[in-house]
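Convention: sequence-line order gives letters A, B, ...; per-chain numbering from 1. Side chains are part of it too, since the values below use all heavy atoms of this structure and drop only hydrogens, waters and symmetry mates.
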There are 2 protein chains.
Amino acid sequence: MNQFTSPAQPLKRIAESTVRRLSIYLRFLEEFEGRGRATVSSDELARRGGTTSAQVRKDLSVFGSFGKRGLGYSVPELATSLREILGLGREWKVVIIGAGKIGAALAQYHGFRERGFVIVAAYDTNPEKIGGTLEGIAIRDMQSFESDVTRENPDIAVLTIPMHSAQEVLDRVARAGIKAVLNFAPAQLHAPMDMAVKTVNMAMELEGLTFALTNAH
Amino acid sequence: MNQFTSPAQPLKRIAESTVRRLSIYLRFLEEFEGRGRATVSSDELARRGGTTSAQVRKDLSVFGSFGKRGLGYSVPELATSLREILGLGREWKVVIIGAGKIGAALAQYHGFRERGFVIVAAYDTNPEKIGGTLEGIAIRDMQSFESDVTRENPDIAVLTIPMHSAQEVLDRVARAGIKAVLNFAPAQLHAPMDMAVKTVNMAMELEGLTFALTNAH
DNA sequence: GCTAGCTTGTGAATCAATTCACAAGCCCTG
DNA sequence: CAGGGCTTGTGAATTGATTCACAAGCTAGC
Ligand SMILES: NC(=O)c1ccc[n+]([C@@H]2O[C@H](COP(=O)([O-])OP(=O)(O)OC[C@H]3O[C@@H](n4cnc5c(N)ncnc54)[C@H](O)[C@@H]3O)[C@@H](O)[C@H]2O)c1
Ligand SMILES: NC(=O)c1ccc[n+]([C@@H]2O[C@H](COP(=O)([O-])OP(=O)(O)OC[C@H]3O[C@@H](n4cnc5c(N)ncnc54)[C@H](O)[C@@H]3O)[C@@H](O)[C@H]2O)c1
């Protein structure tokens, strides 16, 4: 039994929570890889990840059978399998739309490149910003967006624009053929079904905290 | 039936997903408030929020009975109730720990202050940063953290420090008595049970996107 | 003040995720 | 090469979240 017993196409819809946990497991595995550790048990992954060993095994079992009974999982093999499952075996081209404060912070962030995300360009509508650079990344005119996308085929668009233009820009991104969006505007976006959209809403996270503080007994 | 029928203390543990949706509903209600709209139905909130009317009513029913049969919900009353439930009826003092790129972007962000989050200080360990300011917010030495907290009693700490020091700093924040943390380091943190911790992990969100792109059929 | 037309609030039913529990399999020791 | 000690993989059971479906209640119109 090894990773090749995994079905080519997952049989049923995979829960988002499962994918999130795979991401977490991969992080620990990479830590272990760095230390040259050979194997790890579901129990140890669970303790670190704040879940249960049964959960770890169930999560993995959706994609195949990766462990050895009595021994656990081979750290490098499982890491490789998870990277493959998560689509991290390749580079992904990212464009940032909105060269403002948070767009700039993201453009400068090296953690993305380390995981295979290459920021190919930033876009803005502000003439004062267009033509400049963001940590070496050119800020382009939003007017050239469609033709650039046709030529360069970026995989992911990061939206760091004001809330009120987010839906409009998302529609434009969708029409241009980009199928994945990471959105930082605090807006509830509606996207075509064949598109993956994740929203990072910091105000909402803070409200989760104030709710907890207010309702703590 | 109005908001005062709501139980003083919720009867059972509230699902995180419920709280997230309340946040979303509140956003739409504030939009409606701005336009002077008087009432809204669960069905309309649902359509905007990408859920179902039954879900909206269930979410609200956990906290009480806010609507009028045949009419819907009073926009200002429901907004007030939700703000109260989410703990947004007051100001919250926030400290930013780690005056780096993302800490700076957050310090500059006005969306927080608009919702009642007041950033009282930033902290760093880098002598070159200490004593400077971040958009008018003083960058203080981490050494004075404990005594400052005792004096100023901030409610929430935002962690924008490198991954490898995140757990250590979280422990320090916990010992200082702060009960809520918004963490931007891509680390799985372990906190005391009486503490609320939310982690915004952008790499994980991106991996959710690459998973979707890779496994799209 | 009665009726028609909506919309809420909520048990019951369904659907989804997590946990339990254990047979099956692997390694190591003697 | 047999037995003990672990740990996986997975059906079954449980727990949790969402959806269904409808009685109850409110408003407006007449
Ligand atoms: N700064 C933060 O820390 C922070 C935190 C949470 C959320 N956000 C959200 O992120 C978004 C951006 O915030 P920011 O602080 O970077 O704002 P910002 O004003 O600094 O940047 C926005 C940029 O988008 C550009 N822009 C506007 N409309 C555009 C369009 N249609 N196409 C392309 N570019 C366009 C503007 O010219 C500007 O450069 C906002 O929705 C904000 O609510 C920011
Ligand atoms: N920049 C981004 O867009 C981005 C995106 C996603 C995640 N993150 C995460 O956010 C965190 C910060 O990223 P950044 O890009 O702002 O890094 P940065 O290096 O610009 O800033 C980190 C700051 O923290 C300070 N610091 C280090 N140890 C400290 C300690 N023990 N106590 C107090 N301050 C300390 C450093 O002096 C520095 O000023 C990292 O964990 C990173 O992975 C950043």
K.L.:
Whole angstrom is fine here: how far is it from CG in B/Leu78 over to P in C/dG9?
P.N.:
10 Å

K.L.:
Roughly, in whole Å, what's the span from CZ in B/Arg69 to C1' in C/dG9?
P.N.:
5 Å

K.L.:
If an axis is fit to five pairs at each end of the helix from C/dG1-D/dC30 to C/dG30-D/dC1, what is the angle between the two, to the nearest 10°?
P.N.:
10°

K.L.:
Whole angstroms only, please: what is the CD-P distance between A/Glu16 and C/dT18?
P.N.:
12 Å

K.L.:
Please determine whether a side-chain nitrogen of the Lys or Arg among B/Arg113 and B/Glu135 lies less than 4.0 Å from a carboxylate oxygen of the Asp or Glu.
P.N.:
no

K.L.:
Applying ring-ring contact (aromatic ring centres under 6.0 Å, His included), name anything that partners B/Tyr25, two or more places apart in sequence or on another chain.
P.N.:
none

K.L.:
Are OP1 or OP2 of C/dT18 and a side-chain N or O of A/Arg21 less than 4.0 angstrom apart?
P.N.:
yes

K.L.:
In terms of side-chain geometry, is the basic nitrogen of B/Glu31 or B/Arg27 positioned less than 4.0 Å from the acidic oxygen of its partner?
P.N.:
no

K.L.:
Report yes if a side-chain nitrogen or oxygen of A/Tyr73 is closer than 4.0 Å to either non-bridging phosphate oxygen (OP1 or OP2) of D/dG9; otherwise report no.
P.N.:
yes

K.L.:
Mind calculating the distance between CG (A/Leu71) and C1' (C/dT29) to the nearest angstrom?
P.N.:
15 Å

K.L.:
Could you list the residues that satisfy side-chain hydrogen bond (donor to acceptor under 3.5 Å, both in side chains) with A/Thr199, not counting sequence neighbours?
P.N.:
A/Asn183

K.L.:
With A/Thr160, which residues qualify under side-chain hydrogen bond (donor to acceptor under 3.5 Å, both in side chains), at least two apart?
P.N.:
none

K.L.:
Please work out which residues in residues 41-61 of chain B have a non-hydrogen atom less than 4.0 Å from an atom of DNA chain C and list them by number.
P.N.:
B/Ser41, B/Ser42, B/Arg57, B/Lys58, B/Ser61

K.L.:
Quickly work out the A/Phe63 CZ to D/dT8 C1' distance and round it to whole Å.
P.N.:
18 Å

K.L.:
If I take atom CD1 in residue B/Ile14 and atom P in nucleotide D/dT18, what distance separates them, rounded to the nearest angstrom?
P.N.:
13 Å

K.L.:
Check every strand shown and say whether B/Ser17 touches a base, only sugar-phosphate, or nothing at a heavy-atom separation below 4.0 Å.
P.N.:
sugar-phosphate

K.L.:
Is it true that A/Glu30 and A/Arg115 make a salt bridge, defined as a side-chain N closer than 4.0 Å to a carboxylate O?
P.N.:
yes

K.L.:
Tell me whether B/Lys198 contacts the main-chain N or O of A/Gly208 through its side chain, where contact means a donor paired with an acceptor under 3.5 Å.
P.N.:
no

K.L.:
If you look only at distance, which donor and acceptor atoms sit under 3.5 Å apart when one is on a side chain in residues 100-109 of chain B and the other is two or more places apart or in another chain?
P.N.:
none

K.L.:
Between B/Asn201 and B/Glu205, do the side chains contain a donor N or O and an acceptor N or O under 3.5 Å apart?
P.N.:
no

